[in-house]
Amino acid sequence: MPDVTRKQLVGVLNTTADLLDVLGQEPFRANAYRGAARSLEATGTPVADLVATGFAGIPKVGKAIAADLAAFVTTGTFAPLEEAASQVAPGVLGLFRVRGLGPKKIRALWDAGIDSLEVLREAARDGRVAALKGFGAKSAATILEAVEFVLSTQDRQHLSTGLDVSDTLAAWLDGLEPRLAGDARRGLETVRTVRVTVTGSAEDVTARLAERVEALARLDPKPLLTGRVDGVPVEIAYAPAEARGALDLMMGGSTEYRASLRAQAKAQGFDLSGRGLKRAGQLLPTPAEADVTRALGCPLRPAEYREPEHDAVWETLPPPAELVTVADLRGLLHTHSIWSDGAATLPEMVETAARLGRYLGTGDHSRAAHYANGMSIERLRAYVREIRELQRAGLPLLAGAEVDILEDGSLDYPDEELLSLDYVVASVHSHFTLDAGRQTERLVRAVSHPLVTILGHPTGHLLLRRPGYALDLDAVLAAASANGTVVEINANPARLDLDWRYALRWRDRLTFAINTDAHVPAGLGDTRYGVAVARKAGLTPAQVVNTLSQEEFLAFVRRQREARTRG
DNA sequence: GCCGTTTTCGGCCCGACTGTTTTCAGTCG
């Protein structure tokens with residue numbers, strides 16, 4: 001099996017753990033697989049090197065797991081997973097995606113014959129779930145809501161997965177000028193089908209992909225091949241060089257934007273499709289996207305601005321060349337280390353950031369976050385002391401913390417402790433189920449706190465898994481605006497929170513921070529996804545606080561605090 | 001299954017919350 005990624009190793013380990021949990025025979029063995037997965041997530045070592053060294057030095061990967069993983073890399077089969085999977089109905093694994101369901105509940109459902117998401121939805125509706133021992137009417141209602149959410153997002157992937165698969169395809173299609181298309185090109189937070197366009201013929205594509213893409217099939221007469229890569233649906237569209245612009249435009253818009261372009265073309269006597277731009281059956285040369293729009297006499301919308309939400313505003317937004325890029329970011333704020341629930345030491349995290357040419361802003365958890373090894377006041381002081389020592393040694397590093405917003409909107413550390421930090425990220429990690437009124441009040445109070453620099457992951461949503469907490473987000477953003485509080489665009493591909501739609505609406509009234517929330521050194525590379533959100537919102541470097549140098553950012557925090565004490 | 005010894009066996013993160021119970025199990029972060 002060629003090109004096994006670390007992500008796939010992590011995937012089979014976690015799936016094995018889930019299955020063992022449902023089987024319920026060896027809970028600690030399940031935890032062992034999960035621990036091994038965590039270690040592999042944290043390492044930066046390439047898979048080939050891991051196999052070559054027998055996974056030496058990777059914590060929690062012992063002899064047995066190392067041997068099974070090595071076999072997986074060569075054969076594509078992970079023996080413990082196969083064995084566990086043979087004992088469980090195939091749809092049961094999907095139930096793990098439903099919030100509120102863990103191994104025990106899933107086991108109970110499965111024993112009752114509820115063994116897939118679709119069956120669960122029916123059973124939650126018709127009262128079968130509520131009648132089960134350990135469940136009730138309230139559980140059934142919660143489960144129904146959660147399972148409907150999961151089913152509604154079932155055919156989508158995170159942007160990170162979409163970009164990974166796109167990159168893989170593009171590498172395989174080398175020589176045919178492969179270009180990113182579809183949702184991933186536009187930087188949408190989730191991606192349905194991974195799309196790539198090329199210059200060439202169906203035969204050119206088939207020659208390169210036949211051995212690599214599962215279920216590769218031509219979709220004649222459309223200039224399109226479909227298939228799957230790592231289980232993700234893909235489409236490869238091809239055109240000769242003279243029609244490539246029309247193809248890129250048709251494959252790179254939202255449904256609505258494509259439809260509007262085709263309607264415009266039709267109104268002017270053209271026929272626009274992936275096959276090219278035609279008039280009276282005659283193909284007009286359109287080697288680039290702009291050739292199409294020029295012929296139609298309309299401006300070319302940048303890919304970032306092709307959603308319906310941009311219709312009314314896109315012409316007032318900055319051109320793509322002025323939008324923030326990954327290269328503009330000079331600091332990586334809101335990161336975690338072994339002081340709380342991160343996997344690496346502060347020096348290791350700083351070193352990785354420095355290798356990326358950036359300073360590191362720490363953001364370990366506060367005391368209320370027990371589950372995440374949150375820091376007591378004593379440990380917070382020791383943490384700040386270590387950071388000050390590292391700073392004296394010349395490391396590019398700032399002292400921050402991710403401080404819990406408590407139920408009443410107050411912060412988890414007293415002001416005198418917050419003042420010992422260079423900056424403060426305030427986030428919600430508990431009491432997700434307050435009613436919208438109380439939740440809004442809570443967050444308004446938090447962003448109005450004189451020592452809060454940044455509001456972390458404002459809605460708490462997890463893409464494809466759970467919606468954010470009930471909240472009047474506009475009211476919270478208004479309070480952030482009034483208090484000069486920075487709003488985070490959390491770049492973790494499972495979060496991408498603040499949503500770009502809100503960032504777009506509030507772009508002129510807020511300052512943003514594109515933060516990785518990295519828990520491992522490799523996570524510091526997630527900026528790419530947050531930048532995609534920022535670009536869809538039309539943000540320039542001047543609107544993103546971590547494009548500032550370390551000194552400039554400290555000055556920003558000082559000004560922010562001074563302005564509040566004056567006000 | 002892994003780890004670290006009290007060196008080959010016993011322990012493996014835990015407090016808050018929720019909905020179900022009738023005193024607590026299961027899930028989450």
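Chain letters run A, B, ... following the sequence lines, proteins first and then strands; every chain starts at 1.
Salt bridge present: A:R34 and A:D18 bring a charged side-chain N and a carboxylate O closer than 4.0 Å. Under 4.0 Å is where a charged nitrogen must lie from a carboxylate oxygen, and between A:E407 and A:R438 at least one such pair does. Salt bridge status for A:R121 with A:E118: absent, with no side-chain N to carboxylate O gap under 4.0 Å. A salt bridge links A:E417 to A:R381: at least one charged side-chain nitrogen sits closer than 4.0 Å to a carboxylate oxygen. Salt-bridge formation is detected for the pair A:R388/A:D422: a Lys NZ or Arg NE/NH1/NH2 atom is positioned less than 4.0 Å from an Asp or Glu carboxylate oxygen.
Nearest to the side-chain atoms of A:H431 among the listed nucleotides B:dC17, B:dG26, B:dC2 stands B:dC17. Side-chain proximity of A:Y33 to B:dT20, B:dC2, B:dG1: nearest is B:dG1. Comparing B:dC28, B:dT20, B:dG1 by their nearest atom to the side chain of A:A64 picks out B:dG1. When distances run from any side-chain atom of A:K138 to the nucleotides B:dC28, B:dG26, B:dT20, the shortest one goes to B:dT20.
Where A:A140 and A:A32 meet DNA chain B, the nucleotide closest to each residue was compared, and A:A32 sits on the side nearer the 5' end. Two residues, A:L132 and A:K105, neighbour DNA chain B, and the one matched to the more 5' nucleotide by heavy-atom proximity is A:L132.
A:N373 has its CG atom 21 Å from the P atom of B:dC28, to the nearest Å. Rounded to an integer number of Å, the gap from A:L406 CG to B:dA16 C1' is 13 Å. Atoms CG (A:D21) and C1' (B:dG26) sit 12 Å apart, rounded to a whole Å.
Contact of the A:V165 side chain with the A:V191 side chain is not registered, since no non-hydrogen atoms from C-beta on lie closer than 4.5 Å.
Among the heavy atoms of the strands, none lies under 4.0 Å from A:P27. Residue-level contact check: A:A141 touches neither bases nor backbone, having no heavy atom under 4.0 Å from any strand. Here A:K63 lies in heavy-atom contact (under 4.0 Å) with sugar-phosphate atoms only. Among the atoms of the strands shown, none is found under 4.0 Å from any heavy atom of A:S430. Backbone-only engagement by A:P103 is indicated by non-hydrogen atom pairs under 4.0 Å involving sugar-phosphate atoms exclusively.
Base pairing of B:dG1 is made with B:dC12, judged by Watson-Crick or G-U wobble geometry with both donor-acceptor distances under 3.5 Å.
Two rings, from A:H429 and A:H431, have their centers 6.0 Å or more apart.
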At a cut-off of 3.5 Å, list every protein nitrogen or oxygen paired with a nitrogen or oxygen from nucleotides 4-6 of chain B, distance to 0.1 Å.
none

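B:dG15 and B:dT20 are spaced 25 Å apart, taking the P atom of each and rounding to whole Å.
A stacking contact between A:F135 and B:dT20 is absent: the pair does not combine a ring-centre distance of less than 5.5 Å to the base's six-membered ring with planes differing by less than 30°.
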